[in-house]
Amino acid sequence: MSIITTATARLADIAVETDRTDAVQSFVKQETVLVDLETADGLAGTGYAYTIGTGGTSVLALLRDHLLPALVGQDARTIEALWQRLFALTRATTTGAITSLALAAVDTALWDVRCKRAGEPLWRLAGGHRREVPVYDTEGGWLHLGTEELVKGALRAQEAGWAGVKIKVGKPHPAEDAERLRAVREAVGPALHVMTDANQSQTASSVLRLAAALEPYDPYWLEEPLPADDISGHARLARATRIPVAVGESMYSLMQFRSYLESGAASIVQVDAARIGGITPWLKVAHLAESHNVTVCPHFLMELHVSLAAAVPNGSFVEYIPQLRAVTRTELAIRDGLAVAPDEPGIGIDWDLDALDDRRVA
């Protein structure tokens, strides 16, 4: 039987592999919330979500106090029904990050069970469009890095055959951001995609100056230039610049994405499976974007997103930021510049349970 017999959660702190800074914060550790499910017929699944340094214990408490008790005795095959049931239980705290992250950990575990039951990998069961997706590098583009380091990182990615690199922007003066982008563009030439990311650091006026300064160097997109809830501001920017506007990592509901797409405020959607509430709503956002002829380039979580980006026809890129290597037995496979979705049944993450226990938060 597919009845859920046990549902447990734990929290592990995973240190970053290198310094990571952007215009508004430093990424000091990943608080990783994991949910483990077991069913009466012997299947087991693990799902996860994350925060960047704070809030992990709050997600854990919501899971243990409210969500997990409601799962025991339910049919693990009814993923949509279970998502809606848990959402209804937390209606007073939605829409918001804590609830979405908790839902995501459960939903991802349920998909892990679903894929194992079917004997299929996630990329195929979620759509099966293709197995390989272009990859771009963010790890060599952090804001604290000097121009010479940015250029070296971009050249490494280009020599490896990767599709692009991301450069963080948000220096005190847009001329400084433009100079960094210019140096990278001149080093790699016109073929390599160079993305830029402002991490919600701009105002209505400063973003116009920033976009104008960056435009001559052909950035592939300008990501999260304004606060994520400023839909009209992003729409105004999209009309004012030739640079495509990318948003999505800080959005927590399907309706937010609908509003962005209907107002012409998003040219690229960067939906994050953890922050949107799991694989189930992630796929809804991807199909919604497809209906607007918009591509999906998911934020972070490359170990999970490679399978989701491969599943849908408008999945365009996987973002390379290695964060799980310390707690997994395998890592993202990249061949000829393409990220390859795992082909084993499940979501494709082989957790190292001992390593997770070593990092467990009591």
Side-chain angles (χ1 to χ4, degrees), residues 20-27 52 97 136-145 147 150 154 164-185 193-253 255-272 275-276 285 289 292 294-300 316-317 319 321:
R20 295 173 181 156
T21 61
D22 59 41
V24 298
Q25 65 187 341
S26 294
F27 186 172
I52 300 177
Y136 75 88
D137 179 57
T138 292
E139 197 74 325
W142 300 104
L143 196 63
H144 70 277
L145 297 175
T147 302
L150 296 180
V165 296
K166 182 188 287 181
I167 305 299
K168 297 288 185 176
V169 295
K171 291 288 188 178
H173 196 285
E176 189 174 357
D177 288 319
E179 174 58 26
R180 287 156 61 86
L181 179 59
R182 181 199 62 78
V184 172
R185 175 57 72 203
H193 299 317
V194 182
M195 295 77 166
T196 58
D197 184 0
N199 292 99
Q200 304 185 74
S201 62
Q202 301 299 300
T203 65
S205 59
S206 70
V207 73
L208 297 175
R209 298 177 65 236
L210 176 63
L214 300 180
E215 269 192 16
Y217 310 110
D218 191 29
Y220 192 78
W221 69 53
L222 179 54
E223 178 177 337
E224 274 201 326
L226 299 164
D229 52 1
D230 186 2
I231 300 174
S232 62
H234 282 92
R236 286 192 298 271
L237 174 64
R239 292 191 295 269
T241 180
R242 293 184 292 106
I243 306 173
V245 176
V247 295
E249 71 175 79
S250 301
M251 291 156 61
Y252 301 95
S253 78
M255 300 305 178
Q256 287 178 309
F257 283 94
R258 185 187 70 176
S259 296
Y260 260 91
L261 290 165
E262 289 181 347
S263 64
S267 300
I268 291 124
V269 160
Q270 297 177 305
V271 57
D272 183 315
R275 295 177 174 181
I276 194 63
V285 171
H292 286 265
V294 168
T295 59
V296 174
C297 305
H299 166 255
F300 194 37
S316 185
F317 292 106
E319 180 179 20
I321 305 178

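What you see is a predicted model; the values in this text were computed from it and never measured.
In terms of the side-chain contact (heavy atoms from CB on, under 4.5 Å) criterion, residue partners of T138 (sequence neighbours excluded) are, by chain and number, Y136, W142, K166, K168, E319, I321. Remark: E262 pairs with no residue by the salt bridge (Lys or Arg N to Asp or Glu O under 4.0 Å) rule, at least two apart or across chains. Residues passing the side chain to side chain donor-acceptor pair (under 3.5 Å) test with H144 are T21, sequence neighbours excluded. For R239, there are no salt bridge (Lys or Arg N to Asp or Glu O under 4.0 Å) partners at least two apart in sequence or on another chain. Under the side-chain contact (heavy atoms from CB on, under 4.5 Å) criterion, T241 pairs with A211, E215, L237, I243, sequence neighbours left out. Take H299 and apply the ring-ring contact (aromatic ring centres under 6.0 Å, His included) test, not counting sequence neighbours, and it matches no residue. Residues that satisfy the side-chain contact (heavy atoms from CB on, under 4.5 Å) test with I167, not counting sequence neighbours, are L150, V184, V194. Not counting sequence neighbours, F257 has no partner by the ring-ring contact (aromatic ring centres under 6.0 Å, His included) test. With sequence neighbours left out, S26 forms a side chain to side chain donor-acceptor pair (under 3.5 Å) with no residue at all. Under the salt bridge (Lys or Arg N to Asp or Glu O under 4.0 Å) criterion, R258 pairs with no residue, sequence neighbours left out. With sequence neighbours excluded, the residues that form a side-chain contact (heavy atoms from CB on, under 4.5 Å) with Y220 are H193, M195, F317. Applying the salt bridge (Lys or Arg N to Asp or Glu O under 4.0 Å) test to R275 and every residue at least two apart in sequence or in another chain returns E249.
Annotation: the span from E224 atom CD to H234 atom NE2 amounts to 7.0 Å, rounded to 0.5 Å. Taking CD of Q270 as the start and OG of S316 as the end, the distance is 10.5 Å to the nearest 0.5 Å.
A distance-only check finds no donor-acceptor pair linking the side chain of D137 to the backbone of V165 [under 3.5 Å]. Judged purely by atom type and a 3.5 angstrom limit, T196 has no side-chain atom pairing as donor or acceptor with the backbone of E223. E176 places no side-chain N or O within 3.5 Å of a backbone atom of H173 that could act as its donor or acceptor partner. Between the side chain of R180 and the backbone N or O of L145 there is at least one donor-acceptor pair closer than 3.5 Å. Distance alone, capped at 3.5 Å, is enough to place a donor-acceptor pair between the R185 side chain and the Y217 backbone.
The two residues A213 and A178 have their closest heavy-atom pair at O-CB, 3.5 Å. Among all heavy-atom pairs drawn from A23 and G170, the shortest one is CB-CA, 3.9 Å. A pairwise comparison of heavy atoms in A266 and L261 identifies O-CD2, 4.1 Å as the closest pair.
With contacts defined as side-chain heavy-atom distances shorter than 4.5 Å, the pair L143/K171 qualifies.
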